[in-house]
Amino acid sequence: MQDLSRIVTDIAAEMREAPDRGTVADYIEPLARVDPSRFGIAVIAPDGSEHVAGDADMPFSIQSVSKVFALTLALGAVGDQLWKRVGREPSGSAFNSIVQLETEHGIPRNPFLNAGAIVVSDILLGRGETAETIGEMLRFVRGLAGDEAIFIDEAVARAEQDTGFRNMALANYMRAFGNLANPAERALRVYVHHCALAMSCRQLARAGRFLMTGGVIPETGHSIVSPQRARRINALMLTCGHYDGSGEFAYRVGLPGKSGVGGGILAIAPGTASIAVWSPGLNERGNSQLGMLALERLVARTGWSVFEPRGG
Ligand code: GLN
């Protein structure tokens, strides 16, 4: 294997030249104005070494990548009970699709679809206060990353809230099936705020470390989830983390990964690396065009795919 820092630097240089950068999400103004030429990458190893290049320290809207952290927190709160209200199967549908909800009685296919993440937000809310739940989520992510500077971009949250008619429809539809305990507005307030978390690649890769090391933050030794739960969250990321592009992501990259419409992707090479990439241009499935290409190249050069034979 070539030197990791070199690989990461080379990939960032290659991405600077890439002609097809995809299309920046334009459904809300704060995302539409992000510069499409941005690219960042951060790779963190279990020994704490960090390899970064490009715009790795520039915060961006993590959007649906936050669904991994929300799921982790909700599983901690209610355990496997959660699976009575959310499935664990890939959907083959767009992230904001409503079609399966009717035939499947308001139970979303998986926790990474918008509908699934809205149920997870409702679970996080429990019987508590909206503002406290949002605060708890922010503290959780700050704790995972070991960085108090991580913040929620209120302009993004407000814009999502003002234009989130489809998410509102999903939430109300699930409430009609009895799969939402709180009013749709409250569950959505939690949802849009965790989607509005602003983080850099370095912060995101740090926040994902517990998934590379069987549930433990290597730096502190603090256990976040059991090894079994870490494995299972990784399995869900592999099968469902890129919506109807999950098969393609497994084929090209071969790592558990979670994308967001802000152009970020968190990918985990179990035992080996926590990786975050960011490039705001998206492909037709709403996944980062260059983020995926960069991960494909990283895995090709390191042999980190989970489908790679392990030497004995
Ligand atoms: N906040 C976005 C939405 O609800 C998240 C979607 C995503 O990142 N795929 O539409």
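Indexing begins at 1, ligand by ligand and atom by atom, following the structure's order. Heads up: numbering here begins at 1 and tracks the sequence.
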May I ask you to decide if the ring planes of Phe69 and Phe210 are parallel, tilted or perpendicular, using 30° and 60° as cut-offs?
tilted

Parallel, tilted or perpendicular: ring planes of Trp278 versus Phe60, cut at 30 and 60 degrees:
parallel

If you measure every N or O of Lys67 against every N or O of ligand 1, does any of those distances drop under 3.5 Å?
no

So for ligand 1, is Ser259 a polar contact partner (N or O within less than 3.5 Å, distance only)?
no

Do other residues, nucleotides or ligands put more than 12 heavy atoms under 6.0 Å from the [atom1] atom of [X]?
X	atom1	result
Arg189	CZ	no
Tyr27	OH	yes
Arg175	CZ	yes

Sort out for me which residue in Leu125, Ile118, Asn182, Ile123 forms a side chain to side chain contact (heavy atoms under 4.5 Å, CB included) with Val190.
Leu125

Contacting atoms of ligand 1, where contact means under 4.0 angstrom from a heavy atom of [X]:
X	answer
Cys195	1 (N)
Tyr243	7 (C), 9 (N)
Gly260	8 (O)
Asn114	3 (C), 4 (O), 6 (C), 10 (O)
Tyr27	1 (N), 2 (C)
Gln63	1 (N), 2 (C), 5 (C), 8 (O)

Donor-acceptor side-chain pairing of Ser64 and Tyr243 below 3.5 angstrom
yes

Between the side chains of Gln289 and Glu284, does any donor sit under 3.5 Å from an acceptor?
no

Quick one: does ligand 1 sit under 4.0 Å from the side chain of [X], the backbone, both or neither, non-hydrogen atoms only?
X	result
Ser64	both
Arg166	neither
Asn167	side chain

